[in-house]
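By convention in this document, chain letters (A, B, ...) are assigned in the order of the sequence lines, proteins followed by strands, and residues within each chain are numbered from 1. Every value quoted in this text rests on a predicted model; they were computed, and no experiment measured them.
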Number of protein chains: 2
Amino acid sequence: MSATSTVTTPSFAQALAESGLRSTPQREVIYSILLSERNHPTADEVFARVKTELPSISLATVYNCLETLVQCKLVKAVNFERESTRYCPNLQPHAHFHDDQSGATHDISLPQEVLSQIKSILPPGYDAASVEITFRGKSPCANPADQRN
Amino acid sequence: MSATSTVTTPSFAQALAESGLRSTPQREVIYSILLSERNHPTADEVFARVKTELPSISLATVYNCLETLVQCKLVKAVNFERESTRYCPNLQPHAHFHDDQSGATHDISLPQEVLSQIKSILPPGYDAASVEITFRGKSPCANPADQRN
DNA sequence: CTAGGTGCAAAAGGTTTGCGGTTAA
DNA sequence: TTAACCGCAAACCTTTTGCACCTAG
């Protein structure tokens, strides 16, 4: 629950090890921040949060760590237009809903059946390794405190 | 057919006028390049092409013109990850297939029925103004000359 | 001992903006 | 005449990189 302690989940260290990488305090804290704060934060937002725990961390290291986590498939990088890249620890197949007003981003679960119907629109010969689905519009936004801006 | 002459399609000037904007040679040429070269070029690629017709044009003007065309909905801006923005005059609902190897981008037509099934995965309360669907993977790429690389 | 990591500062894209001069309604 | 445009250069923002130092295996 807390992002404060250095919780080295076995699977976490393991996922890194599989890529020949180490589990470091920076990587652990950044990962736990992503897990506890599922608002799809930007690198800058993660930086602000992680600084409270590791005051000496640099923004470059945050970028590097996030990239590392993406490499070993612990998190996904999400982009909306030209906005800053956001990071998301949800590895399940899902779509994203981006609320332009509030800037909030929500995960939308994506049933396997819909996913395969989408893939079925591809003409023969196309081999899709991944599909990315992004909605834009107004979200319910029940909790105004969730709004970004 | 030719992108050389100053073809002021009525609808083109009209679309601009509706936003209180003018039809200029720069905007016309850029638009006709997009129409004739449907490879989803970047601003830089458009710049290279348009310079052969308007040698004195600047990259900033290309960016400005493209943005203007997007504003008055004559073209769509397309983004893949953090790559340069690409521009696309196809206003029909369609998905994009991005070939990571060649860099090529293909329009995939999106049947209305599939579109509505996709929208049906949204929980109640969500109001999607637009949906963006991007495939990544290997495309047939029958014509190697099309590869961007 | 040495490959991998961190922090810092500088560089690298891609895109936008401010400004002086030009042009079309 | 005057608002819209253009070209140029500088600014901007996000992200990456080079380098010196440090640390875990």
Residues clustering with B/F97 (ILVMFWY side chains joined when closer than 4.5 Å, directly or via others):
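So far as hydrophobic clustering goes, B/F97 is joined with A/F97, A/I108, A/L110, A/V114, A/L115, A/I118, A/I121, A/L122, A/Y126, A/V131, A/I133, A/F135, B/I108, B/L110, B/V114, B/L115, B/I118, B/I121, B/L122, B/Y126, B/V131, B/I133, B/F135.
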
Would you indicate whether the side-chain heavy atoms of B/E18 and B/K73 approach each other to under 4.5 Å?
no

Would you indicate what [X] reaches in the nucleic acid, counting non-hydrogen atoms under 4.0 angstrom: base, sugar-phosphate, or nothing?
X: A/T68; result: nothing
X: B/S84; result: sugar-phosphate
X: A/Q26; result: sugar-phosphate

Separation of [X] atom [atom1] from [N] atom [atom2], in whole Å?
X: A/I30; N: C/dG7; atom1: CD1; atom2: C1'; answer: 13 Å
X: A/I57; N: C/dG7; atom1: CD1; atom2: P; answer: 5 Å
X: B/E81; N: C/dG13; atom1: CD; atom2: C1'; answer: 16 Å
X: B/L59; N: C/dT17; atom1: CG; atom2: C1'; answer: 13 Å
X: B/N64; N: C/dG18; atom1: CG; atom2: P; answer: 12 Å
X: A/F47; N: C/dC8; atom1: CZ; atom2: P; answer: 8 Å
X: A/K51; N: C/dC8; atom1: NZ; atom2: P; answer: 10 Å
X: B/R27; N: C/dA24; atom1: CZ; atom2: P; answer: 13 Å

Tell me which one of B/D107, B/T85, B/T105 satisfies side-chain hydrogen bond (donor to acceptor under 3.5 Å, both in side chains) with B/H40.
B/D107

Respond yes when some side-chain nitrogen or oxygen of [X] is under 4.0 Å from OP1 or OP2 of [N], and no when none is.
X: A/R82; N: C/dT15; answer: yes
X: B/Y63; N: C/dT15; answer: yes
X: A/T24; N: C/dT6; answer: yes

From the options C/dG4, C/dT6, C/dC8, select the nucleotide whose nearest atom is closest to the side chain of A/S58.
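My answer, after comparing the listed nucleotides, is C/dC8.
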
Nearest-nucleotide wise, let me know which of A/D44 and A/A60 is further upstream toward the 5' end of DNA chain D.
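In this pair, the answer is A/D44.
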
Of A/N79 and B/V62, whose closest DNA chain D nucleotide lies nearer the 5' terminus?
B/V62

Indicate if A/F47 and A/V70 have the same hydrophobic cluster label, given that clusters are the connected sets of ILVMFWY residues with side-chain heavy-atom separations under 4.5 angstrom.
yes

Range on DNA chain D touched by chain B - first to last nucleotide, heavy-atom distance under 4.0 Å
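First-to-last contact on DNA chain D, by the 4.0 Å heavy-atom rule, is D/dA3 to D/dT15.
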
So how far is it from B/L74 CG to B/I30 CD1, rounded to the nearest 0.5 Å?
12.5 Å

May I have all residue pairs that pass ring pair (Phe, Tyr, Trp, His ring centres under 6.0 Å) and include part of residues 49-85 of chain B, sequence neighbours excluded?
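Those involving residues 49-85 of chain B are B/F80-B/H98.
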
Do A/R82 side-chain atoms and B/R82 backbone N/O form a donor-acceptor pair below 3.5 Å?
yes

